[in-house]
Amino acid sequence: MCGIIGVVGSTDTLATLLQGLQRLEYRGYDSAGVALVRAGHTWRARTAEGTESVAALRRECADAPEGYRSGIGHTRWATHGAPEAENAHPHLDCSGHVAIIHNGIIENHTELREELRERGHVFTSVTDTEVVAHLVEELRASGFDLLDAVRHALARVRGAFAIAVMDATEPDVIVAARRISPLVVGTSPGVTYVASDVPAILGRSTAFYAVNDDEIVRLGPEGFRAVDLEGAPVRLRQLQIDWDLETAEKGGFDDFMSKEIAEQPAAVRATLLDRRHRDGAIVFDELRISDQELLDVQRVVLVACGTSLHAAHVAKYAIERWSRLSVEVDIASEYRYRDPIVEIGTLVIGVSQSGETIDTIQAIREAQRRGARVVAISNIVDSSLAREADAVIYTRAGLEVSVASTKAFVAQVAALELLALRLAQLRKTLTPEEIERYVAGLNEVPDHVATVLDRRDDVDAVARQLLDARDYFFIGRHVGYPTALEGALKLKEITYLHAEGYAAGELKHGPLALIEPGVIVVAVTTDPLMHEKILSNVAEVKARGATVIAVATDEDGRIDAVADFVLRVPASDPMFSPMIDIVPLQLLAYSLARGLGRNVDRPRNLAKTVTVE
Ligand code: AGP
């Protein structure tokens, strides 16, 4: 939910920190701060100006002192304590020498705070994080070096953290550690970095390393060494990062969201690449589950949040239709609290773009505790979800920076449908010819998506006429239903307008009462098997005064007579249509949001990765 960055040995420490914070803003941003540390001196600046916090911090640092080779920086999305400057990180101990930044939640901070207060510590914030600064202060005073002081402090802490700690009495050292919240270390000659994720230090660091849970890293200008909570040395796994700086920038687009919408053909193509063995078998090199274990699967449960949950809903139709396995989809934050049933042969699939969504991670942990085999669908290599699952399939959508998830959705559907075909292949519920036909259909999706992208002017023309609309319903049937859910989520999260996704057949069971002139109904009508039904739903809402936008295939000759606006897409097998039909809905949300002057990459109240429950 927050972003952290640290650097040791730098000749442009402040510039490094501010650039990194700017790239981390999408992780959360209602306040920001930096601390510069050298022998005997800790200098700090903090701001709390919403989505402008990092820009304000840059101004605040205009008269920062020179000569500091090390420092830490933080962007905050408030969990404990209001989003005000005194709660912004870095936090200091009583001496003002120890500075700490933190992403996560310390669950036992109240008891620790009381204990520390009784020993005379004075707190200047209401955050959970500050307790660690005072714990470290005490341990440093009792003679531990910074590494062991942090290590012993963390032994007292329950909860999630990615932290970085400095102490002006041990200059040019950062001690960083993680539990659940993501953390990477970077190195370049004479300079060492730590950050919540890669983009923050891309272009500066030349090598990247993943930090695992309960690993503590001491960074100095010469490099780093890592230990576990007991102090035993551990080796960090090096990450293969082939992103250039361009990847992390906007690549010539106005914003990350339009760049990532445009990258969807490539995202699907890359996700499907090299997934066939010479003998025709569908393969996932990174999947660490044997064919026999897949054959033993008796039931599938998908758990996810947000956009990833909608991809999971699409997968339900594909897995059931092709492999004849029963599939259940559940909201990750609900799954773990409902005493879920896990029998022998239950496969749980956690779907997550970031692989760091704590709700999804905790759901798969619950499933594992009950004996389920777990597969992660993750867009980030070595993400927490990928590391904790029994097996992983990576989507290859590339870095997704915009808070509104777009290319990850289409890549997730592609990966999940390929997995569905693999299950069908192993269970022989589809003939080889049918497998070939479906795989060929999947491979045509990138071109269909590219065709729809070329029609974005048609969407803009519709959006320009709807800038005064305030109420949207998105409706669909079969796989058009999760497509409608995803279209509604895109619209609401970047325009801040009310939008609901609904199964079209449900309208008459209540929501129809809300339909009146001025309400916009977006109908996904591309499935030929559902066409009659969805047209009658369109007639129902038209009769009550709604304005209808239909997503329809190029071949549909009837839709123009019933819809006010038609957004055309190439026809495909219905099971692949969500990857195609979602594109005009993404573009509609984007165009309306831009027309309304919204910040499409960093919508209010939201963060790219939700690492708090
Ligand atoms: C989607 O546009 C939102 N950003 C949000 O719903 C997101 O999909 C959700 O938080 C899950 O994130 P994940 O895929 O990284 O787990």
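Remember, it's 1-based here, ligands and their atoms both numbered in the order they're listed.
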- Message: Please give me the minimum heavy-atom distance between A391 and I289, naming the atom from each residue.
- Response: CB-CG1, 3.5 Å

- Note on the structure: The ring-ring contact (aromatic ring centres under 6.0 Å, His included) partners of Y502 (sequence neighbours excluded) come to none

- If only atom types and distance count, is the side chain of E400 paired as donor or acceptor with the main-chain N or O of T406 below 3.5 Å? yes

- Task: State which residues pass side-chain contact (heavy atoms from CB on, under 4.5 Å) with R568; sequence neighbours excluded, sorted by chain then number.
- Result: R455, A552, D554, D556, I559, D560, V566

- Message: Check E215 with R179, please: is the shortest side-chain N to carboxylate O separation under 4.0 Å?
- Response: no

- Note on the structure: Residue set satisfying ring-ring contact (aromatic ring centres under 6.0 Å, His included) with H313, at least two apart, ordered chain then number -> none

- Query: Using a 4.0 angstrom limit on heavy atoms, which residues are close to ligand 1?
  - Reply: C305, G306, T307, S308, S352, Q353, S354, T357, V403, A404, S405, L489, K490, E493

